[in-house]
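For reference, positions follow the sequence shown, starting with 1. Order of listing sets the numbers, starting from 1, for every ligand and every atom in it.
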Amino acid sequence: MDQANILIIGGGVVGCAIARNVSERWQDVFLVEQFPKLGMATSTRNSGVNHSGIYYPKNSLKARHCVEGNRLTYEFCAKHKVPFRHTGKLVVAADAHEEAELLSLKKRGEDNGVEGLRLIDAAEIRKQEPHIRGTAALVVPSAGIVSAEELVHAYARIATNQGASIVTRAEVVSLAPSGKNIRVGLRIGDEEDSQEETIEAKCVINAAGLYADEVAALLGNRSWHIYPVRGEYCEIRGPRASLINNLVYPLPHSHGLSLGVHFTKTLWGTVLVGPTARYVEGKDNYEKGRLAIADFAHSAKTLLPEIAESDLQLSYSGLRPKLVPPDHKGIVDLVITRDPAVPQAIHLVGMESPGLTAAPSGKNIRVGLRIGDEEDSQEETIEAKCVINAAGLYADEVAALLGNRSWHIYPVRGEYCEIRGPRASLINNLVYPLPHSHGLSLGVHFTKTLWGTVLVGPTARYVEGKDNYEKGRLAIADFAHSAKTLLPEIAESDLQLSYSGLRPKLVPPDHKGIVDFVITRDPAVPQAIHLVGMESPGLTAVPSVAQHVTHLVAEVLG
Ligand SMILES: Cc1cc2nc3c(=O)[nH]c(=O)nc-3n(C[C@H](O)[C@H](O)[C@H](O)COP(=O)(O)OP(=O)(O)OC[C@H]3O[C@@H](n4cnc5c(N)ncnc54)[C@H](O)[C@@H]3O)c2cc1C
């Protein structure tokens, strides 16, 4: 049986980009693709647009990987001679009603870190695209087009040069955890003449596009259902292709289904009109019941009134792997996650647009900083190969900046009183009661401090607010009352209120039990390491925690 460090399922742009990245660092990388050639599914049935990242909700994986992937795709294409054109694009408001939406699109783009966005009027639109009719447009300088097919092959070529093995006509038919590994059953060859093989892999990456839900189900994970949504194209060839110079988009569908039927000047000089968006039955249903040319001409006329049915001919179609069911609305994010039950498996699910753009993203993390006082601050950016989130009470919020909402930190206040002066001789060292049976704290105890006083506390109470150290503090009488159990001589007059601290609890108020420290690499952004719920015994544990984190950093930096 063959052994692999990493086995990637799916030879689309996502699988090939991953193969290129991981084979840089690890040996024994396999990529298996069920079809005879790479990129035959969604990866070459698209618009080939290197998207900017303006459309997607802030902090979503789509936004983050698209903005980062846009830059990396240009760099990659330039370096490896993949044909591309950095054209910029226009998103056009057809009438005054749409202009407000254009503004919110600009704002969303800026929130996502897309640079250079600006609004232009009808006259400026005419200068750039003389045949387009609109009242205003958003100029998106970072958008452009790439040859999707050559991009897939360039990623695959580099992966192979780095030692990865790419096998086509190899369909994954079974996945079974086997000790620390996963046993991958393959059907290799044509349908009439195939053979079964098995590879045992330390890590399996599910980049199976439209079939990612079915591949996950082979491991017993039925979390996802992919609905194919067909995008159909027409094409303008010959001299009439001069009606469009670059990329022209309408405003996106308000319900998130698609970016709307747009015009894409291809690298070979034709104009693609599309894609449309329609839920279909069947993950290979590219052609059944295709729309008529008249339908394309009708919707294209809104922005390009000169277009005639005779300018258009039917072209190819592609299938979006949607996670949103037909009767729902909204943009659902890409899923990039380790399998909860079989963590050696990583699933990439719902890799619809901007999947082509986002595929190479994720080498570094761009960290936006606000430096200085609130009144006098400046923004700076640092790009890091590895980010360590040791943000204590705020570690959940820092993780959420990367789109990871796995944790919620509840501040639990611990308050202290202090015995000063001669009465501090009541205690010599450290005296504890038994801990709270429900795990909330170690109980109010006595701590002889290094400066000779005695701390009595800490108490434990869930509070609102991560800077709420003082509101509604307990009375001295409460401390005296609970301290008397072990130290009957103590009197209220021996005590004075001291400081308080906030524990970053992961256990909600109505739950019980001790929850462990979380020290983990982010499943979606593995260059990020999160330390969450670092409550007691955090002070004691740190030297060992630091060693643990250093190992994780070594994993990231190689
Ligand atoms: C109409 C349309 C227009 C688009 N336009 C753009 C655009 O302009 N810009 C952009 O950024 N994105 C665009 N996209 C999105 C982009 O094309 C996809 O996000 C991207 O191609 C997804 O790549 P993938 O590798 O995940 O999927 P795929 O290309 O589908 O690759 C998955 C591969 O896995 C293989 N596979 C599945 N199951 C198995 C198995 N059991 N064993 C072995 N192999 C298996 C499949 O055969 C397939 O080759 C568009 C998509 C569509 C449909």
Side-chain angles (χ1 to χ4, degrees), residues 7-19 30-53 55-56 62 65-66 69-70 73 89 143-149 151-152 155-156 166-175 184-188 204-218 226 228-233 247 249 257-262 264 266 272 274-278 280 283-284 286 315-322 334-336 347-361:
L7 183 135
I8 300 159
I9 305 169
V13 69
V14 171
C16 291
I18 293 171
F30 280 72
L31 181 149
V32 291
E33 164 57 49
Q34 63 184 357
F35 290 143
K37 288 202 286 182
L38 299 173
M40 282 178 76
T42 313
S43 292
T44 52
R45 295 169 166 275
N46 52 47
S47 305
V49 173
N50 192 20
H51 280 302
S52 61
Y55 295 106
Y56 317 104
K62 283 186 176 174
H65 286 309
C66 187
N70 172 278
T73 299
K89 84 171 182 182
I145 46 171
V146 298
S147 164
E149 196 169 339
L151 187 62
V152 172
Y155 285 135
I166 295 185
V167 190
T168 54
R169 287 196 171 89
E171 182 191 358
V172 170
V173 290
S174 68
L175 292 171
V184 184
L186 292 166
R187 188 179 303 129
I188 296 185
V204 166
I205 299 173
N206 167 11
L210 287 160
Y211 300 87
D213 53 347
E214 296 172 37
V215 167
L218 293 177
I226 287 177
V229 171
R230 189 156 74 198
E232 303 175 25
Y233 292 93
L247 288 169
Y249 279 63
L257 187 60
S258 84
L259 303 183
V261 167
H262 49 261
T264 307
T266 64
L272 284 174
T276 55
R278 191 160 39 123
V280 291
K283 290 180 177 174
D284 55 358
Y286 293 101
S315 186
Y316 58 87
S317 71
L319 295 171
R320 302 171 180 86
K322 281 265 172 210
L334 310 174
V335 175
I336 307 177
H347 303 292
L348 292 96
V349 194
M351 300 300 289
E352 54 165 335
S353 189
L356 185 71
T357 311
S361 158

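For atom 27 (O) of ligand 1, the nearest non-hydrogen atom from the set Ala207, Ala170, Gly209 belongs to Gly209. Closest heavy-atom approach to atom 26 (O) of ligand 1 within the set Val229, Val14, Asn50: this belongs to Val14. Comparing heavy-atom distances from atom 14 (N) of ligand 1 across Ser353, Ser43, Ala143 singles out Ser353 as nearest. Of the listed residues (Leu259, Asn46, Thr44), the one carrying the non-hydrogen atom nearest atom 6 (C) of ligand 1 is Asn46.
Considering backbone and side-chain atoms alike, Leu210 places every N or O at 3.5 Å or more from each N or O of ligand 1. The shortest N or O to N or O distance between Val172 and ligand 1 is under 3.5 Å. On a distance-only criterion, Gln34 and ligand 1 share at least one N/O pair closer than 3.5 Å. For ligand 1, none of its N or O atoms has an N or O atom of Glu171 under 3.5 Å away. Where the criterion is an N or O separation shorter than 3.5 Å, residue side chain and backbone included, Arg45 fails it with respect to ligand 1. Ligand 1 has no nitrogen or oxygen under 3.5 angstrom from a nitrogen or oxygen of Tyr211. Considering backbone and side-chain atoms alike, Gly355 places an N or O below 3.5 Å from some N or O of ligand 1. Not a single N or O atom of Tyr233, backbone or side chain, sits closer than 3.5 Å to an N or O atom of ligand 1. At a 3.5 angstrom cut-off on N or O pairs, Phe35 does not count as close to ligand 1. On a distance-only criterion, Val49 and ligand 1 share at least one N/O pair closer than 3.5 Å.
In terms of modelled atom types and a separation under 3.5 Å, the side chain of Glu171 and the main chain of Gln34 share no donor-acceptor contact. At least one donor-acceptor pair under 3.5 Å links the side chain of Thr276 to the backbone N or O of Glu232. Thr44 places a side-chain N or O within 3.5 Å of a backbone atom of Gly39 that can act as its donor or acceptor partner. Listed for the Thr42 side chain is a donor-acceptor partner under 3.5 Å among the backbone atoms of Leu319. The backbone N or O of Leu38 sits nowhere less than 3.5 Å from a side-chain atom of Thr168 that would complete a donor-acceptor pair.
Counting only heavy atoms of the protein, atom 48 (C) of ligand 1 lies nearest to Glu33 OE1, 3.4 Å. Of the protein's heavy atoms, Gly12 CA, 3.4 Å lies nearest to atom 31 (O) of ligand 1. For atom 16 (C) of ligand 1, the nearest non-hydrogen atom of the protein is Leu356 N, 3.7 Å.
The shell of residues lying under 4.0 angstrom from ligand 1, judged by heavy atoms, includes His51.
Side-chain contact between Lys283 and Asp213 is present, with heavy atoms from C-beta onward closer than 4.5 Å. Contact annotation: the side chain of Ile205 never approaches that of Ile9 to less than 4.5 Å [non-hydrogen atoms, C-beta and beyond].
Of the options Val215, Leu334, Asn206, Ile18, a side-chain contact (heavy atoms from CB on, under 4.5 Å) to Leu348 is made by Ile18 and by none of the others.
Per-residue contacts place Leu319 under 4.0 angstrom from the following atoms of ligand 1 (heavy atoms of the residue considered): 53 (C).
Defined by atom type and a distance below 3.5 Å, a donor-acceptor pair is missing between the side-chain atoms of Ser353 and Tyr55.
Within the cation-pi definition used here (under 6.0 Å to the ring centroid, within 45° of the axis), Lys89 qualifies as a partner of Tyr249. For Arg169 and Phe35, the positive end is not near the middle of the six-membered ring at less than 6.0 Å and at most 45° from its axis.
Nearest heavy atom pair, residue Leu31 against residue Ala19, reads CD1-CB, 3.9 Å.
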